[in-house]
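First up is the structure itself, then whatever we jot down about it.
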Number of protein chains: 2
Amino acid sequence: MPDQPVRARLVDVAREAGVSKATVSKVLNGRQDLSVRPETRARIHEVAEALGYRPHSGARALAGASTHALALLVPSLGNPTYVTISRGAYQRARELGYLSLLAEDFDGQEADETFNDLVKEGRVDGLLIASARPGHPLLETLRRSPVPHVFLNRAVEGSGRNVTMDVARSSVTALDHLHELGHRVVGHVAGPAGIAPSEDRKQAFLDRAAELGLLAAPVAAGDFTEEGGAAAARELLAPTEHRPPVTALYTSSLAQAIGALHAIGELGLRVPQDVSLVGNDDLPVAGYLTPSLTTVAMPLYDLGTAAVDALVAEIEGKSPGDVIVPTEPRLVRRGSTAPPAEPGGRPD
Amino acid sequence: MPDQPVRARLVDVAREAGVSKATVSKVLNGRQDLSVRPETRARIHEVAEALGYRPHSGARALAGASTHALALLVPSLGNPTYVTISRGAYQRARELGYLSLLAEDFDGQEADETFNDLVKEGRVDGLLIASARPGHPLLETLRRSPVPHVFLNRAVEGSGRNVTMDVARSSVTALDHLHELGHRVVGHVAGPAGIAPSEDRKQAFLDRAAELGLLAAPVAAGDFTEEGGAAAARELLAPTEHRPPVTALYTSSLAQAIGALHAIGELGLRVPQDVSLVGNDDLPVAGYLTPSLTTVAMPLYDLGTAAVDALVAEIEGKSPGDVIVPTEPRLVRRGSTAPPAEPGGRPD
DNA sequence: AAGTCTTGGTCAACCGGTTTCCTCAAGTGG
DNA sequence: CCACTTGAGGAAACCGGTTGACCAAGACTT
């Protein structure tokens, strides 16, 4: 077989199939405004396949069509949450004929550079923006140079193009689990203040705590990191006079849960005998901690697919709207939750 | 300020600066084959800046120049190792005027699709291929449709374009640390067989063990995952007649170390009192495990930058060659290593 | 029989850059 | 004084697609 030293071009396909460039282009793009004999159509497809033809994305983009590419901007790939989201996005984009690129923007530090590289240089048709903080530089940039985009995970108020998960429901799931086990004083390690999902999760936690009639439901905020979780856990576990001691913690991220686990150990307490622990988001590592971690698995993959659906719809001319991924959070029971030691509190 | 509803184009800059497209193109690309008055040159730069001009990458690529983009293919972004590498690559690429894209290829499952999307559609000028397994489909594809590329992390034998780290050195660092603490029977959790760095690390481990005169240095292979580490650790810790029990383990990845930690706990042993543990690669999470994990930090970021340097050199016409990142592995001492309990072995 | 549809395509302009030859004016050596 | 270099920049072809306008020929009307 003669190797293919050069890319096959549209003209090559056209010549080989005995038709014009225009016909090939229209057939391969499945356009309806042209009538073609089925046999011609088949022949074109065959030839294209045989030659391994792929349209040059640049030429395509230039000719006024789209680049058939999107970009997903995430604050940190170190956070595996975003990796799962990106897989969903990539897969769904592929199904819709798009390529999903991935870019890390470190909480907006270089967001404008990324925007230039991807949008202004015409590499993508639209942007999926994960976890934009309020005041994110991209917000202003997008207002000035409008490009199709959606916000995912963290809603941007008033944007009318948010794709989010039911984080309130995750608080309910976690809290119900702890309540069933008998916990009556549960602490919540929240995310940073001022961020939509943090607030929603926290509010849902407080509401559900009230409904269930818990004795106390203290909250401490911290970054979505190990350190943030450790600090918040220390705060919640510190003895206090105006409420009984906490017997269970519910954290907003997996990293926080790992930090909390560490902090609990440093305080000389045991999980789950002294303190039960539930984290948000499930990943393999949760099963290999000691003890293994009970988590609420959020539909991250689905979040990615839903965001792509919304963005592609916008690119194709429909007007955007807010979307909530319907998949329910799922409780993954492992070793970090158990009934509290004594109805009265821990033995110290 | 009037927003910029449309991208500025080359002609816009040309008109505004009172020169022709050709001149602008040449000036902005810093070509030497043209003499331009310094003031004209300055004016062009000013106008381009003011208009926020960015060349359309597609048009550029079409016109025969390069796309100024690269792609880094990694087997899994779930492995934070690759995230660090990608940051190095991205940053260095940027410094060299390139954009580094990131693609996940799940150990080659869809590598050819990715290749088509990125290379055949003309989106990138070259490929950085991380951890190609032997028999990776891309190897054959690249042979048939040559594109500038380098292999990083895992060398591909005979390719003459490998960018790797000194993994042998990491074994020495880890083992010396354990030896100094007094360990004389150290087990190694290796990576899967047949993969260059696995073999290198293992061989270096065995060689150094011999030099140090250890009593025994058993090795067990496993995937670079938590489960792989757990299984291999169980194997190494199982009682055996022909050698004294292992008092320390050295793993090939952080995930393996987490799995090993878990397995050790399940066996009723304590870290570091009964078994010391050293992992490869350092990440924040290592500090928040219980106990915190001693690791050998590999120069992953530098690996990314070095790979980009090599690839860009190749794109610009130099011929490729093997490179070893000179940065030395660094030992990060934490809580998972300590002197063995008793010179004679553990008390059971 | 002439006009009108329909079917099955083709033509050529255009997208936004890059690059290869040109040109034109001013200086310069003979 | 004239042919010749040199400096400064321009004209136009081209890259590989897409797209709307157009066209030839047979089928169908009237």
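Everything quoted here is computed from the prediction, not taken from an experiment. Chain identifiers are assigned alphabetically (A, B, ...) following the order of the sequence lines, protein sequences preceding nucleic acid strands; residue numbering begins at 1 within each chain.
Rounded to an integer number of Å, the gap from CD of Q32(B) to P of dG7(D) is 14 Å. Summarising the geometry, the separation between CG on L10(A) and C1' on dT19(D) is reported as 12 Å, rounded to the nearest angstrom. Rounding to whole angstrom units, CD1 of residue I44(A) and C1' of dG8(C) are separated by 11 Å. The distance between atom CG of L34(B) and atom P of dG7(D), rounded to the nearest whole Å, is 12 Å. Nucleotide dG16(C) holds its C1' atom 14 Å from the CZ atom of R123(A), rounded to whole Å. Atom CZ in R15(B) sits roughly 15 Å away from atom P in dA11(D) (whole-Å rounding). With rounding to whole Å, D33(A) atom CG is found 14 Å from dG8(C) atom P. Atom P of nucleotide dG17(D) and atom CG of L28(A) are separated by 10 Å, given to the nearest angstrom.
Comparing dA8(D), dG17(C), dA11(D) against the side chain of R37(B) picks out dA8(D) as the nearest. Among the nucleotides dG16(D), dT18(D), dG17(C), the one closest to any side-chain atom of R7(B) is dG17(C). When the nucleotides dG17(D), dG9(D), dT20(C) are ranked by their closest atom to the side chain of K21(A), dG17(D) comes out on top. For R9(B), the listed nucleotide lying nearest its side chain is dG16(C); candidates were dT10(C), dG9(D), dG16(C).
One N or O donor and one acceptor, one from the side chain of K26(A) and one from the base of dT10(C), sit under 3.5 Å apart.
Side-chain nitrogen and oxygen atoms of T23(A) include none within less than 4.0 Å of the OP1 or OP2 phosphate oxygen of dG9(C). OP1 or OP2 of dG9(D) has not a single side-chain nitrogen or oxygen of S35(B) nearer than 4.0 Å.
Both R41(B) and S25(A) sit near DNA chain D, but only R41(B) has its closest nucleotide nearer the 5' end.
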Can you give me every donor-acceptor pair (side chain of residues 34-46 of chain A, partner residue at least two apart or in another chain, under 3.5 Å) with its distance?
residue : atom : partner : partner atom : Å
R43(A)  : NH1  : A17(A)  : O            : 2.2
H45(A)  : ND1  : R41(A)  : O            : 3.2

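With hydrogens and angles left out, the side-chain atoms of T67(B) and D125(B) include a donor and acceptor closer than 3.5 Å. Side-chain polar atoms of N162(B) and T164(B) form no donor-acceptor pair below 3.5 angstrom. Counting only N and O atoms by type, the side chains of S66(B) and Y98(B) include no donor and acceptor under 3.5 Å apart. If you check the side chains of H56(A) and R9(A), you find no donor sitting under 3.5 Å from an acceptor.
No salt bridge links K26(B) with D33(B); every basic N to acidic carboxylate O contact stays at or beyond 4.0 Å. Of the charged side-chain nitrogens involved, at least one lies within less than 4.0 Å of a carboxylate oxygen, so that E113(B) and R94(A) count as a salt-bridged pair.
Taking every heavy atom of residues 53-63 of chain B and every atom of DNA chain D, pairs under 4.0 Å involve L62(B), A63(B), by number.
Backbone-only contact: N29(B) has heavy atoms under 4.0 Å from sugar-phosphate atoms and none from a base.
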